[in-house]
There are 2 protein chains.
Amino acid sequence: MARPREFDPEEAMDKAMRLFWDVGYEDASLSELLATMEITKGSFYKAFQDKHSIYLAALDRYDETVISETVRYLSDRNLGSGRTRILGLFGKVAELARRDGDRMGCLLCNALVDKAAEGGETEAKLQAMVLRLENGLFRALMERAGADEVLSRETARGLLSIYLGLRVLGRAGLSAAMAGDCIRQVERLLADPRA
Amino acid sequence: MARPREFDPEEAMDKAMRLFWDVGYEDASLSELLATMEITKGSFYKAFQDKHSIYLAALDRYDETVISETVRYLSDRNLGSGRTRILGLFGKVAELARRDGDRMGCLLCNALVDKAAEGGETEAKLQAMVLRLENGLFRALMERAGADEVLSRETARGLLSIYLGLRVLGRAGLSAAMAGDCIRQVERLLADPRA
DNA sequence: TCAGTTAGGAACCGAATGGTACCGAATTTT
DNA sequence: AAAATTCGGTACCATTCGGTTCCTAACTGA
C-alpha cells in the first residue's frame, strides 16, 4: 500500500448523487461533477471508472439511503399503525413541499423519466426501487385488521402513483399547493381497511 | 416572395416534438433533431431560431394538441357523465400501457422533471398545462349532482397526481402492471359524488 | 425576362464534452 | 534509507456540441 486518498469516497459519491438528483444525468457535466465533488479528474477516474458508472453507483446509494429509509419508516411499528405511517410519509412530502417546494423531487422519479443512458441495468435498478416502495406501502396496508391482499396491492399501487406524481409536481414548484389536497385523497384510499 | 419551403414546418415541428418527448431536451442533440426532422442546418435555423426556441415551440404544440385533446375529451358531454369521462381518460392510459408500455410517457410530465434549460418561461408553460389538466378534471367532477367545489378541487388534484405518477411509471415499462390497479383507486376517489 | 428574395447545403467556428496519459509528490513497506 | 506504490494534478486527446456564415440554386412578382 501507498499514499492514501485525501478525500472521502463516500462523501464525494454523496455529492455526485445530489448533483444527478438535481440536474439529471446529461446536465451533470464532468466538470460540474468534479467541482461539486471537490476532486480532480485524476482522482475521479481512479476512484470511479467513468461517468456512467458513478451514475449507477449514485442510484444504488439513493436506494441504500433514501429509499431504504423510506421503506424502514413505512415498516416501523413504533411509529403507529400502518395507516398512520403511510399518512406520515405523505406528510413528510408535504412538509418538504412547504419548505422549499420540493424542487429536487425524488431521484428515483427523476431517473425514471430521465432514463439516462438507459442501459437495461439502469432500468432494472429503477424497477427494483419502485417495487421496494410499492411493497413498503403494501405491507403497511396489510397490517390492518381484515386487510385483503388483492385490494391492498391495488391500493399500494394507487398510493405509489400519487406519491410519484406529487414529486413530479414538486419539480415545477407545484407540490406545495397540491400536497395537502393529495393527502386528503390518500386518506380516502385508506378509508376502507380491506384495501 | 421567393423560393418556397420544401418541407412542412408543422410536420417538422411535430417530429421535433416527438424527439424531445422521447429523449428529453439535452439528449436531443442538434444533429439528431436535424436527422429526424429531415432538414438541414440552414433550414432549421432559418425556420426556427435555435434549439431552445423549438423546444418551447414543441411544448406549445404539445399543449395545443395532446393536452387540448385531453381537456376536450374530459369536457365532452356526449361521451357520458363526468365520472365516465374521467374513467375513460385513465382507461386510455391503461390501453397505451398495454400496447407499448407507454414508454414515451407524457411530454408534460417528462418536461416537468427535465426542467430543460429551465428558464422561467419553460416553467410557466408547464405550470399552465398542469393547471389546464387539473381544471379539466375539476370541471368533470363538478358536473355531478351535489358536487362540492372544495372537495372536487382536492379530488381533481389527487387524480392529477395519479395520472402523472402513472405516466412516470410508463417510462420504465411499469405502467402496464399498474394501470389497472390505479383505475380501481380512481374509481374509489370517484365514489363520493360530493368530491 | 429578369431583378429580388429566400431556400438548402456545406464549410467552418469556438467551446465544451467525456476520457486518457503521464508526471511529480506523498506515503508505506522492506 | 530505498523501493514500491498510489495518490492528486495537468496537459492533452478526438469528438461532438450548438451556432454562424456564405454561396448557390430555385422560385416569385413585376
Side-chain angles (χ1 to χ4, degrees), chain A residues 1-60 111 114-119 121-122, chain B residues 1-61 110-111 114-119 121-122:
Chain A
M1 279 301 121
R3 181 179 175 183
R5 278 208 183 82
E6 292 178 6
F7 67 95
D8 178 359
E10 284 228 349
E11 196 180 316
M13 253 289 305
D14 218 82
K15 291 173 178 171
M17 181 189 77
R18 270 197 283 270
L19 184 61
F20 284 130
W21 190 346
D22 194 21
V23 305
Y25 182 76
E26 284 290 338
D27 276 341
S29 73
L30 196 54
S31 51
E32 230 176 327
L33 272 170
L34 300 177
T36 61
M37 296 172 77
E38 293 178 293
I39 60 177
T40 54
K41 249 178 199 177
S43 315
F44 178 89
Y45 277 97
K46 228 156 272 174
F48 320 94
Q49 287 123 293
D50 53 17
K51 193 186 169 183
H52 190 253
S53 300
I54 203 180
Y55 179 70
L56 256 38
L59 290 184
D60 282 337
D114 221 17
K115 277 209 303 180
E118 62 163 308
E121 191 178 354
T122 311
Chain B
M1 283 300 120
R3 181 178 173 183
R5 280 209 181 81
E6 293 176 6
F7 67 96
D8 177 359
E10 286 228 348
E11 196 179 316
M13 252 289 305
D14 219 81
K15 290 174 179 172
M17 181 188 78
R18 270 196 283 271
L19 184 61
F20 284 129
W21 190 346
D22 195 19
V23 303
Y25 182 77
E26 284 291 338
D27 276 343
S29 74
L30 197 53
S31 51
E32 230 177 327
L33 271 170
L34 300 176
T36 61
M37 296 172 77
E38 293 178 293
I39 59 178
T40 53
K41 252 180 196 177
S43 314
F44 178 90
Y45 277 97
K46 228 156 271 172
F48 321 94
Q49 286 124 288
D50 54 19
K51 193 187 169 184
H52 190 252
S53 299
I54 203 179
Y55 178 70
L56 256 39
L59 290 184
D60 282 337
R61 183 160 183 81
N110 299 351
D114 220 17
K115 279 209 303 180
E118 62 163 311
E121 191 177 355
T122 310

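Throughout, protein chains are lettered first and strands after them, A, B, ... in sequence-line order, and every chain is numbered starting at 1. Here the structure is a predicted model, which means the values were calculated and not measured. Computation of the quantities below employed the complete heavy-atom set of this structure, encompassing side-chain atoms and omitting hydrogens, waters and symmetry-equivalent molecules.
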Over how many whole Å does the gap from [X] atom [atom1] to [N] atom [atom2] extend?
| X | N | atom1 | atom2 | answer |
| --- | --- | --- | --- | --- |
| B/D27 | D/dT16 | CG | P | 15 Å |
| A/M37 | D/dG8 | CE | C1' | 14 Å |
| B/L33 | D/dT16 | CG | P | 17 Å |

How does each nucleotide of nucleotides 17-24 of chain C score, in 5' to 3' order, for protein heavy atoms under 4.0 Å: base (B), sugar-phosphate only (S), or none (-)?
-> SBBB---B
Test item: B/E26 and A/Y25 side chains (from C-beta on) under 4.5 Å apart, heavy atoms = no
Min side-chain heavy-atom separation B/I39-B/F48 under 4.5 Å |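 Yes - at least one pair of side-chain heavy atoms lies under 4.5 Å apart.
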Residues two or more places apart in sequence or in another chain: which of them pass side-chain hydrogen bond (donor to acceptor under 3.5 Å, both in side chains) with [X]?
| X | answer |
| --- | --- |
| B/D14 | B/R18, B/R61 |
| B/T40 | none |
| A/S31 | A/S29 |

Pairwise salt bridge (Lys or Arg N to Asp or Glu O under 4.0 Å) hits with a residue in residues 34-48 of chain A, at least two apart | A/K15-A/E38
Do any of residues 5-20 of chain A sit with a heavy atom less than 4.0 Å from DNA chain D, and if so which?
-> A/R5, A/E6, A/F7
Quick one: is the NZ or CZ of A/K51 closer than 6.0 Å to the six-membered ring centre of A/F20, and within 45° of its axis?
-> no
Tell me whether the OP1 or OP2 atom of C/dG8 has a side-chain N or O from B/T40 closer than 4.0 Å.
-> no
Atom OH in B/Y45, atom CG in B/L30: separation rounded to 0.5 Å?
-> 4.0 Å
